[in-house]
Each structure stands twice: as C-alpha cells, then as structure tokens.
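This is a predicted model, so every value here is computed, not measured. Every chain is numbered from 1, with letters handed out A, B, ... down the list of sequences.
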Amino acid sequence: MGFPGSIKELRRLLDQNGMPGMEDPLWEMLADDHRIAVQELYQKLLKERQRLEELLTWEKKWGSPATLVAGVDEAGRGPLAGPVTAAAVILDVSVPIPGLNDSKQLSPVKRRELAGRIKEKAKAWAVGWASVEEIDRLNIRRASLLAMKRAVAALPVQPSILLIDGNAEIPDLDYRQQTVVGGDRASASIAAASILAKVTRDAYMEDLHWRYPCYGFDKHKGYPTREHYAAIEKYGLSPVHRKSFRREKRLEQQIF
DNA sequence: AGCTGTGAAAGTTGATCTAC
DNA sequence: GTAGATCAACTTTCACAGCT
C-alpha cells in the first residue's frame, strides 16, 4: 500500500474525499519526521474512512440505486423561543463527506462548512418548519413531526424510505419509515439532516436578533440560559416566545 | 498562555411504563 | 386514574485535558 507523496498532498486528499494516495517517488525523499507525520495523518485518514463507512450502514441496508433513502432530523426542540426546524437529506453513498457527524458533536464553524458540502454533494435536500403558534397549538413533539413532514414534502426527489431520528414515525405520510434512536450518531443521512436543520435554524434566530435585539437570540438561539431568563424577566415575552412552555407560563404569570 | 475538544450536568418538552 | 420514573429529543454551560 502506497502513501501519498507529501503532507500537503495528503491534506489535499483528506479534504477532497479521504481516499489514500498512490505510490509516489517523493515518499523516499521525505525527511524522517515528515514521514512520521504523514503516517500519522494516514492512520487518521483510515480511521475516518472506517467511521464514514459505519455511518452508512443504515443507508446501505435499506438503499440501492433504485431505492433512495432520506434521513430526517429536527432542531430546536428545547428552546423557549423560535420555530422548530427539520431537514431531509438524500445522500449519494458513493460520495463521502469527510467530517460528517452528529451536529451536536460539531462546532458552529464546522457545522456551517459541512452544511455547504452537504448541499453540494447530496442527491437532494430540503428544510421544513413549524411556527411558534403551531408549537403552542399542537405541542412541541407534534410540531417537530409536522416540520419533518414538510421537509420530506419539499424534497425535489422522492425517496423510497425515510430514516427518522428518534422513536416516532411521521403521521399521515405515505412512505415506508424506519425510526432510529440516536440516529444522528448512527446514520450519515440523519447526521446530514441534523446539520442542515441546526444551521438553518441558527441563521433564522440570528435574523430574529435584529428584530428583538434585547433577548440575545444571536447567542443562545432561544435556548434557556441565564442571560435569556434575565432578558425575559426584564422585557417580558416577545411574540416569538413559546407560551406553552411551563417556564414561560410561570414567567408570564409573574410579569403580567 | 491560549485555543480546542470532550464529557458531564442541567435546562426544555412529550410519550410510555409501572406501581399504587 | 394518577403520579413518578424513565427514555426519547433538543441544546448550553462548565470544568478539565491536551495541544500549539
């Protein structure tokens, strides 16, 4: 098995698709410390390839050239404010996306980078929403499923089977569905959906910050933090806060 | 010294199961 | 029937370890 000719070359291959390089006479010219560095990077590359292979287990189990698998996941279930966002992604299993992982395991910068790569390399992707009003009316669980349903409906290509993160199927949907507990850590397409949903919702909450600058939505994205509670106590609830959430009800009773 | 990554804890919700 | 525990999801915050 040959090694890539240089660290630079190896990094380029890592960035592209994680494939190992071919025999290269430059390898013999490398200094010992460079060889060690390249070998270490190469081992990391092999581990990453193995991780990505394992992440495609569900897609390979259910998918085929004629059977498209869509991963579905949502973001924004725990916040006190803002909509819940869902994404559906159909990946091309022959096109690896290095670094793809559960959105919760990634920094915001890496999430944004990966979101761009996912949109570029996926066969199809789409995003769906459920509003604060719908969350208050339906409850957060049903609203999440509604957002997922809208994401699937918005896909430009129709899948044959849905991999759903969690233990609940999407109601009133004419698709074969497979629920996967911990799916964002176990399935590549669910992981990709978790990243798109999170990045899209974060961007929306940053926009909301300009409409309601006193709450700090650009920082906590509507999630419960000390700063967020302090802002609610000081300024009251905004129209984008979820009034059905118990903590909000309690605060509302105190304030108004 | 400062940055980055990781894991535990704590916060929000709803559904389900079990014991009384 | 009800209440509590557990588990599912979504995160942030904080402390610590390791790396540059």
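- Each of A:Arg141 and A:Pro224 was matched to the nucleotide of DNA chain B holding its nearest heavy atom; the match closer to the 5' end belongs to A:Pro224.
- The side chain of A:Ile140 lies closest to B:dG14 when the candidates are B:dG11, B:dG14, C:dT11.
- Counting all heavy atoms, side chain and backbone alike, A:Ala168 lies closest to A:Leu145 at O-CD2, 4.1 Å.
- We find that CZ of A:Arg142 is positioned 9 Å from C1' of B:dG14, with the value rounded to whole Å.
- When distances run from any side-chain atom of A:Glu74 to the nucleotides B:dA15, C:dA9, C:dT12, the shortest one goes to C:dA9.
- If you measure from atom CZ of A:Arg137 to atom P of B:dT13, you get 19 Å, rounded to the nearest angstrom.
- Straight-line distance from the CZ atom of A:Arg111 to the C1' atom of C:dT11: 10 Å, rounded to whole Å.
- The separation between A:Met148 atom CE and C:dC10 atom P is 8 Å, rounded to whole Å.
- Among the heavy atoms of the strands lying under 4.0 Å from A:Asp184 are primed sugar atoms or P, OP1, OP2 only; no base atom is included.
- Aromatic ring orientation, A:His220 versus A:Phe217: perpendicular (interplanar angle above 60°, classes split at 30° and 60°).
- Closest approach of A:Pro79 and A:Lys221 over heavy atoms only: CB-O, 4.2 Å.
- Rounded to an integer number of Å, the gap from CG of A:Asn139 to C1' of C:dA9 is 13 Å.
- The A:Tyr229 side chain lies nearest to B:dT12 when the options are B:dT12, B:dG14, C:dT12.
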- Are A:His228 and A:His241 close enough, and set up right, to give a ring pair (Phe, Tyr, Trp, His ring centres under 6.0 Å), and what steps lead you there? CA-CA 11 Å; A:His228 194 179; A:His241 278 92; 5.1 Å; yes
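- The separation between A:Asp136 atom CG and B:dG14 atom P is 11 Å, rounded to whole Å.
- To the nearest angstrom, P of C:dT11 lies 11 Å from CD1 of A:Ile195.
- Rounded to a whole Å, the CG atom of A:Leu80 is 12 Å from the P atom of B:dG11.
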